[in-house]
Structures are given as structure tokens and as C-alpha cells.
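Here's the structure we're looking at; comments come further down.
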Number of protein chains: 2
Amino acid sequence: MQTTCKNKAYLALMQTSKEIQECIRAELAKTDLHVTEFSVLEVLYFHGKQTIHEVAQRILVSSGSMTYVIDKLERKHLLQRVPCPDDRRVIHLVLTREGEEFMQSVMPGHQERVEHFFGSLSEEESGIFIQLLGKIKHQLHVQV
Amino acid sequence: MQTTCKNKAYLALMQTSKEIQECIRAELAKTDLHVTEFSVLEVLYFHGKQTIHEVAQRILVSSGSMTYVIDKLERKHLLQRVPCPDDRRVIHLVLTREGEEFMQSVMPGHQERVEHFFGSLSEEESGIFIQLLGKIKHQLHVQV
DNA sequence: ATCAAATATCTCAAATTAAAGACAAATGAT
DNA sequence: ATCATTTGTCTTTAATTTGAGATATTTGAT
């Protein structure tokens with residue numbers, strides 16, 4: 001029944017991320033947004049105009065889910081689909097002014113919460129943590 | 001548009017865990033099991049007999065999902081519900097012999113994959129990683 | 001002993017997600 | 001220029017998950 005050190009790391013990683021997701025969900029409940037919706041807005045807020053495909057790759061959801069979640073966000077007037085004139089297959093997503101304002105009002109609290117989550121880590125430890133995650137993430141794409 | 005160091009850590013954590021989950025899903029596709037089903041089996045495999053409630057807490061899914069997923073696993077003869085005589089509200093989950101054998105056949109490959117994911121980390125780094133996750137996880141339960 | 005509150009599981013409806021395939025547009029090889 | 005391939009989005013269907021409420025049991029206070 002012995003688990004290796006790597007397995008411990010794996011379990012800790014998966015469980016911690018899930019707990020964080022749960023906290024974020026609870027936080028977002030007040031705003032009538034779900035985690036996936038918020039993730040889309042977050043990408044646009046930080047990176048500006050993006051194609052649907054780009055956003056999907058960043059937040060790792062299927063194209064079907066993207067359509068669904070964009071529909072909802074568009075109905076809430078938080079973002080807009082903008083067809084790309086250069087490539088007619090492509091649709092860009094942009095925050096509406098309302099969406100921008102919404103994010104500006106929500107992000108401070110969100111950031112604060114994130115700061116709190118990682119508050120027990122020193123700057124140095126945060127740096128190390130990011131670096132280790134980078135190594136792991138890189139390794140994921142290395143073929144066996 | 002500047003993101004803090006902690007926010008980078010947060011995004012890296014969430015994205016890496018999601019990518020890993022995606023890898024695991026792809027791996028499990030061959031076995032006709034879904035991630036949640038496998039997670040339940042994993043808990044039982046490592047910790048032995050557990051109540052439904054205990055498993056739910058470990059893998060962080062709702063009670064409704066537990067019922068659903070246990071039904072499926074029971075139909076596949078991989079585990080059994082065993083009512084607890086001491087507390088008649090409680091139901092224990094135990095791997096069947098078939099379930100035990102299945103896990104024994106699958107775990108080596110799974111472990112190998114996990115080892116691969118974390119293969120770019122030294123033993124020392126893995127230890128640090130676990131330690132940092134522990135700090136973060138602990139902090140999650142600290143009230144603001 | 002009684003009763004309110006807490007706990008463990010289940011049920012069912014609604015929301016979310018993924019998976020597969022369809023379609024249109026762009027790309028690249030010939 | 002043509003055509004197969006790839007890319008980006010959408011549609012549809014089926015599977016999964018949550019959330020709220022129901023039930024049964026236990027616990028703890030009176």
C-alpha cells in the first residue's frame with residue numbers, strides 16, 4: 001500500500017486544485033457566474049481580444065462547451081462575438097464595456113482571495129512553485 | 001494588466017492540474033472508466049473500506065454524484081455497498097475481488113504515467129512541491 | 001423519554017459538459 | 001486551378017454533475 005513520492009505529489013496537486021476550484025465556485029455564486037464563464041472573462045480581461053479557439057485552449061474546454069458558455073455570456077451582455085474579417089472561419093471574443101466594468105468590480109475581490117490562498121507562501125516559495133509547475137507542465141507534452 | 005506572482009501561481013496550478021486530468025482521462029478511456037469512477041476505486045485501493053461519505057470528501061464530489069458513480073461501479077462488479085451494522089445510516093464501500101484485481105492490473109501503468117508526469121522533478125523537488133501544496137491547502141481552510 | 005438538530009444516503013430535475021459529426025473557410029501540395 | 005487536408009465554429013445527443021429536497025438514523029440537550 002506504499003505510495004511513491006511522485007504519487008503523493010500527484011494526489012496533493014489534484015486535490016488542492018479541486019479545493020481551490022470549489023472555493024472559487026462558492027465565491028462566484030454571488031455573481032451568478034459559473035467557473036467556466038468566469039474563466040472565459042478572465043482570459044479576455046488579461047489578454048484582450050481572443051479567438052474562441054484561443055480561449056478554449058487556455059481554459060481547456062471542448063468547443064461544444066465554448067459555444068454554450070459564450071451564448072450565456074453574450075445573453076448577459078458581458079462579451080460579444082466579433083467575426084474576423086481576415087479569416088471568416090474565426091470569431092473573436094471581446095468584453096463589452098459592461099463586461100469590462102464587471103470584471104473591474106469583481107477582480108479585486110478575486111485577486112484578494114487568490115492572494116489569501118497563496119498567502120502562506122513567501123515570494124520566493126511562490127516563484128519556486130511556479131517553476132516546478134512549469135517543469136511538470138512541460139513534461140506532460142514529452143512523449144514517453 | 002499586470003498579474004501578481006500569486007496569481008501566476010494560481011493560474012499555473014489550475015491549468016496544470018486540468019491538463020493532467022485530461023491525460024488521465026485519455027488513459028482511462030481504454031478501460032471504459034471515467035475519472036470520477038477511477039478516483040473512487042483509487043481511494044478504496046489505497047485506503048481500504050471507506051464510507052460513501054469519506055470517499056466523497058476525499059475526491060470532492062456531491063452526494064448525488066456519488067450515488068450515480070457507485071451505481072455504475074457496482075453494475076461493473078468492481079465494488080460493493082456494505083451496510084454498516086453499527087450505524088444504519090452508513091454504507092461502506094469495498095472493492096470486490098474483481099475490483100481489486102482490476103486495480104492491480106491497471107495501477108502499474110497509471111503509476112508509471114504519474115511518475116512520468118513528475119519525472120522532471122528530483123526527489124528533493126517533489127518533496128518541496130508536496131510541502132508547498134500542503135501549505136496552500138492548509139491556508140484554504142483559514143478564515144479571512 | 002422526548003424532541004430538535006445533525007448526519008448519511010438517496011431521488012429527481014436542471015444545468016453543465018463532452019463527443020462526434022457537420023459545415024464553411026483557409027491552406028498547401030500538385 | 002484543383003483538391004485533399006486542416007482549422008474554427010456550431011449542432012446534437014448522451015453522459016455527468018450539481019443542488020435541493022426527502023428519508024432514515026443517530027446524537028445531544030432537556
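Below, chain A is the first sequence line, B the second, and so on; all start at residue 1. Bear in mind the structure is a predicted one, so any value in this text is a computation, not a measurement.
Put simply, the side chain of A:Arg89 and the base of D:dT7 share a donor and an acceptor less than 3.5 Å apart. For D:dT25, its base never sits under 3.5 Å from the side chain of B:Arg88 at any donor and acceptor pair.
Rotation axes derived from the C1' atoms of the five outermost pairs at either end of the helix from C:dA1-D:dT30 to C:dT30-D:dA1 lie 30° apart, to the nearest 10°.
In this structure, B:Leu28 atom CG and C:dA18 atom P are separated by 15 Å, rounded to whole Å. Rounded to whole angstrom, the span from the CE atom of A:Met66 across to the P atom of D:dC10 amounts to 9 Å.
Distance CG/B:Leu93 to NE2/B:His53: 12.5 Å, rounded to 0.5 Å.
Along DNA chain C, the nucleotide closest to A:Thr36 and the one closest to A:Asp86 are compared, and the more 5′ of them pairs with A:Thr36. When the nearest nucleotides of DNA chain C are assigned to A:Leu60 and B:Gly64 by heavy-atom distance, the more 5′-ward of the two goes with B:Gly64.
Under the 4.5 Å side-chain heavy-atom criterion for grouping Ile, Leu, Val, Met, Phe, Trp and Tyr, B:Leu132 is not connected to B:Ile130 through any hydrophobic cluster.
Of the candidate nucleotides C:dC10, C:dT17, D:dC10, D:dC10 has the atom lying nearest to any side-chain atom of A:Thr67.
Residue A:Val69 is classed as having no contact, given no heavy-atom separation below 4.0 Å to the nucleic acid.
Across all their heavy atoms, B:Cys84 and B:His92 have their closest contact at CB-CD2, 3.6 Å.
Between B:His110 and A:Tyr10, the closest side-chain pair of non-hydrogen atoms falls below 4.5 Å.
Residue A:Ser65 places no side-chain N or O under 4.0 Å from the OP1 or OP2 atom of C:dT17. Neither OP1 nor OP2 of C:dT9 sits under 4.0 Å from any side-chain N or O of B:His53. Proximity of B:Lys72 to the phosphate of D:dA15: no side-chain N or O atom is located under 4.0 Å from OP1 or OP2.
Salt-bridge annotation for B:Glu22 and B:Lys18: absent, with no side-chain N of the basic residue lying under 4.0 Å from a carboxylate O of the acidic one.
Between the side chain of B:Thr96 and the backbone N or O of B:His77 there is at least one donor-acceptor pair closer than 3.5 Å.
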